[in-house]
Amino acid sequence: MQILLDSAIIEEARQAAAWGWVNSATTNPTLLAKSSLPPAETLRELGKILTGQIFYQLTGKDLQAMQTEAAQAYDILGEQLVLKIPATSLGFQAAARLSQKYSVAVTTIFTPAQAMLAAAAGARYALYYHNRAKRLLPDGQGEHLAEDLVRVLDGTDTQVTAASLKSPQEIVEARMAGVPILSAPFAVLAQMPEHPLCEQAVAEFDANGTGLLNS
Ligand code: G3P
């Protein structure tokens with residue numbers, strides 16, 4: 001299981017890296033637009049701060065442009081790069097070509113059929129939007145999307161990856177559906193270690209207990 005930071009904010013990446021249980025980040029064009037640095041510099045900094053994968057989403061509008069953009073991203077991030085490619089007809093064509101050279105994540109997946117194409121195109125990750133799917137897909141399809149994606153990708157080399165996770169509860173929900181990789185915003189990750197009963201128990205240990213540092 002892996003927990004990633006869904007952000008392109010450098011300070012958030014620094015704090016998340018200090019936690020020690022996050023070493024990778026997912027970005028997208030909207031997240032990159034929130035960085036105070038230009039995209040290339042943001043990616044370079046993220047790659048220095050975090051030791052794991054940095055997901056960068058292609059914005060090119062044809063195969064040639066996507067190929068050029070992928071090479072630019074690889075120049076910046078090297079083996080840390082995971083190319084995110086939207087699950088469109090053009091995106092699947094690009095994924096099939098680029099996955100021969102780069103690590104690829106097909107993103108914005110909203111159906112099991114798209115996840116199957118991601119696997120057939122050689123993507124290592126099939127990334128879906130957990131909260132958005134629950135809110136926007138008709139007939140409650142979003143409620144079981146995570147589970148459906150895990151089932152159709154069982155036995156393949158493509159791992160389901162959840163984004164659009166709005167609370168620690170949604171992270172748990174996706175995990176309980178079998179999702180192995182979970183990417184959430186900084187504010188959501190920051191809530192994960194906390195529980196008032198834990199704080200209470202620690203306060204009791206501090207008040208009544210002793211240890212090596214006290215003796
Ligand atoms: O990285 C995916 C994320 O940015 C989309 O989530 O919150 O717009 O549904 P959201």
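Atoms within each ligand, like the ligands themselves, are counted from 1 in listed order.
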* Looking only at protein heavy atoms, which one is nearest to atom 8 (O) of ligand 1, and how far off is it? -> R132 NH2, 2.7 Å
* Got an N/O contact under 3.5 Å between K84 and ligand 1? -> no
* Asked: What residue and heavy atom of the protein are closest to atom 3 (C) of ligand 1, and at what distance?
  -> D6 OD2, 3.6 Å
* Is the side chain of T27 donor-acceptor paired with the backbone N or O of F55 at a distance under 3.5 Å, no angle test? -> yes
* T26 to ligand 1, any heavy atom closer than 4.0 Å -> no
* Residues T107 and Q57: side-chain donor-acceptor under 3.5 angstrom -> no
* Does the E143 side chain pair with the main chain of A133, one donor and one acceptor, at a distance under 3.5 Å? -> no
* To do: Considering heavy atoms of the protein only, find what lies nearest to atom 7 (O) of ligand 1 and give residue, atom and distance to 0.1 Å.
  => K166 NZ, 2.3 Å
* Structure fact -> Note: L165 and P185 closest approach over all heavy atoms is O-CD, 3.3 Å
* Asked: So between S164, P185, A133, S183, whose heavy atom ends up nearest atom 9 (O) of ligand 1?
  -> S164
* Proximity of Y128 and F110 rings by center, below 6.0 Å -> no
* Under 3.5 Å: donor-acceptor pair, side chain of T68, backbone of Q64 -> yes
* **Donor-acceptor contact present, side-chain S99 to main-chain A123, <3.5 Å** => no
* By number and element, which atoms of ligand 1 are closer than 4.0 Å to a non-hydrogen atom of A163? -> 1 (O), 2 (C)
* Which ligand 1 atoms are under 4.0 Å away from a heavy-atom of Y129? -> 2 (C), 5 (C)
* To do: Consider ligand 1: state whether an atom of it lies below 4.0 angstrom from any non-hydrogen atom of N28.
  => yes
